[in-house]
2 protein chains.
Amino acid sequence: MLSKKTRYAFRALSYLAENYGGGPVLISEISKEKKIPLKFLENILNELKKANLLESKKGKGGGYFLKLSPKKINLATVIRVINGPIALLPCVSLNFYEKCEDCDEEICGIRKVMTITRDVTLKILEKKTLYNIIHASV
Amino acid sequence: MLSKKTRYAFRALSYLAENYGGGPVLISEISKEKKIPLKFLENILNELKKANLLESKKGKGGGYFLKLSPKKINLATVIRVINGPIALLPCVSLNFYEKCEDCDEEICGIRKVMTITRDVTLKILEKKTLYNIIHASV
DNA sequence: TTGATATCCTACCATTTTAGTAGGGGAAAG
DNA sequence: CTTTCCCCTACTAAAATGGTAGGATATCAA
Ligand code: FES
Ligand code: FES
């Protein structure tokens with residue numbers, strides 16, 4: 001399951017997506033509007049910024065805004081930044097690969113199934129963007 | 001990601017699947033053969049038993065064995081027993097549903113995408129069985 | 001150039017989950 | 001009636017989760 005933090009990230013990004021092109025949005029506004037603890041949200045937005053999904057401006061008139069168009073930010077990217085691996089096993093992860101101890105990848109049947117699972121999951125999560133989730137006719 | 005415990009469960013079940021029909025298998029044998037800490041494995045097998053996937057016999061000649069044929073135990077079931085929900089969000093889970101606070105399910109775009117994701121994932125995990133993972137031509 | 005505004009950064013903290021360990025109780029076979 | 005083996009409760013260390021606190025730093029505007 002995705003962490004609460006990741007769900008917060010999606011909610012915040014939805015808000016920013018809705019305001020795309022409208023200048024910087026205050027953390028405090030997002031916090032209030034989307035009911036996300038302010039200091040926790042601060043942290044989340046900063047991580048998204050470091051991952052190059054957001055930009056920010058300090059001082060009066062400052063705030064956060066999307067660096068890319070909502071159509072160009074897919075859900076897989078967001079999950080990877082905030083939540084970590086999407087695959088169900090480390091030995092199957094594209095971005096966070098780790099070898100399984102005591103298990104031979106060549107013949108491992110569990111791994112094969114999890115690879116298929118990862119592929120179908122990614123096919124959706126990489127295709128769906130912030131634009132899709134704010135214009136939710138799926 | 002699946003917990004280490006879940007991976008242990010799969011390994012243990014694979015072993016039991018390979019020995020299906022051959023009488024009870026000792027915990028200590030599985031532990032040794034699959035390199036799983038014995039006392040931890042004890043715990044895992046017991047949970048699988050309570051979930052009606054395994055049966056056990058005490059005393060000499062005892063041990064654990066599959067209650068059903070390997071073709072009848074699918075991976076989704078095992079994951080649910082040991083790991084919990086398969087869906088990425090509680091509001092999308094079929095077996096562990098919980099409402100999301102501060103979010104309207106009717107219009108929530110995130111939920112819609114996660115529902116699709118859950119469906120394709122389940123389609124695989126419910127179809128693939130222990131039999132598939134021990135005869136791993138996928 | 002100074003003050004107000006807002007993000008940035010470091011560190012801390014409580015609670016829960018994970019990954020085990022320890023030790024004995026109790027059924028069954030022989 | 002003893003050995004074998006599962007069953008059960010309780011404990012624990014370490015990590016992850018879900019936050020808070022407080023100040024540093026950048027920017028704008030009077
Ligand atoms: S190689 Fe990763 S589970 Fe077997
Ligand atoms: S309803 Fe669950 S994320 Fe919106």
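Order of the sequence lines sets the chain letters (A, B, ...), proteins ahead of strands, with each chain counted from 1. These numbers come from the heavy atoms of this one structure, side chains and all, not from hydrogens, waters or symmetry mates. Small disclaimer: the values here were computed from a predicted structure and weren't measured.
- When the side-chain nitrogen and oxygen atoms of S56(B) are compared with OP1 and OP2 of dC7(D), one or more of them lie within a distance under 4.0 Å.
- If you take CZ of R7(A) and P of dT17(D), they are 12 Å apart, rounded to a whole angstrom.
- Checked by atom type, the side-chain pair N83(B)/S3(B) shows a donor-acceptor distance below 3.5 Å.
- Residue Y8(B) has a polar side-chain atom (N or O) positioned under 4.0 Å from OP1 or OP2 of dG20(C).
- Of all nucleotides listed (dT7(C), dC6(D), dG18(D)), dC6(D) comes nearest to the side chain of Y64(B).
- For dC9(C), its base sits under 3.5 Å from the side chain of E42(A) at one donor and acceptor pair at least.
- For M1(B) and dA15(D), the CE to P distance is 16 Å, given to the nearest whole Å.
- Rounding to whole angstrom units, NZ of residue K4(A) and C1' of dT16(C) are separated by 12 Å.
- In this entry the distance linking NZ of K49(B) with P of dA27(C) reads 12 Å, nearest Å.
- For the pair N46(A) and dC9(C), the criterion of a side-chain N or O lying under 4.0 Å from OP1 or OP2 is met.
- The CD1-P distance, from I30(A) to dA6(C), rounds to 13 Å in whole Å.
- Spacing between atom CG of L2(A) and atom P of dG18(D) amounts to 11 Å, rounded to whole angstrom units.
- Put simply, N43(A) has no side-chain N or O that comes within less than 4.0 Å of OP1 or OP2 on dG19(D).
- K58(B) contributes no side-chain N or O that forms a donor-acceptor pair with the base of dG25(C) under 3.5 Å.
- Residue-level contact check: K5(A) touches the backbone only, with heavy atoms under 4.0 Å from sugar-phosphate atoms and none from bases.
- Taking the ring axis of Y131(B) as reference, the NZ or CZ atom of K71(B) stays within 45° of it and closer than 6.0 Å to the ring centre.
- Residue whose closest nucleotide on DNA chain C sits further toward the 5' end, between G61(B) and N83(B): N83(B).
- Contacts of Y8(A) classified as ring-ring contact (aromatic ring centres under 6.0 Å, His included), with partners at least two apart in sequence or in another chain: F40(A).
- No engagement by L45(A) is indicated, since no non-hydrogen atom pair under 4.0 Å with the nucleic acid exists.
- Within the nucleic acid shown, K39(A) comes within 4.0 Å of at least one base atom, counting heavy atoms only.
- Where K50(A) and L38(B) meet DNA chain C, the nucleotide closest to each residue was compared, and K50(A) sits on the side nearer the 5' end.
- Checking N52(B) against K67(B) by side-chain atom types alone, a donor-acceptor pair falls below 3.5 Å.
- Side-chain atoms of K60(A) and base atoms of dG3(C) include no donor and acceptor less than 3.5 Å apart.
- For the pair L2(A) and M114(B), the minimum side-chain heavy-atom distance is below 4.5 Å.
- For the pair E29(B) CD and dC6(D) P, the interatomic distance rounds to 10 Å; values are reported in whole Å.
- Considering only side-chain N and O atoms, K57(B) lies nowhere under 4.0 angstrom from the phosphate OP1 or OP2 of dC5(D).
- Electrostatic pairing of R7(A) and E101(B) does not count as a salt bridge here, judged by no charged N lying under 4.0 Å from a carboxylate O.
- Following rounding to the nearest Å, L48(B) (CG) and dC7(D) (P) show an atom-to-atom distance of 12 Å.
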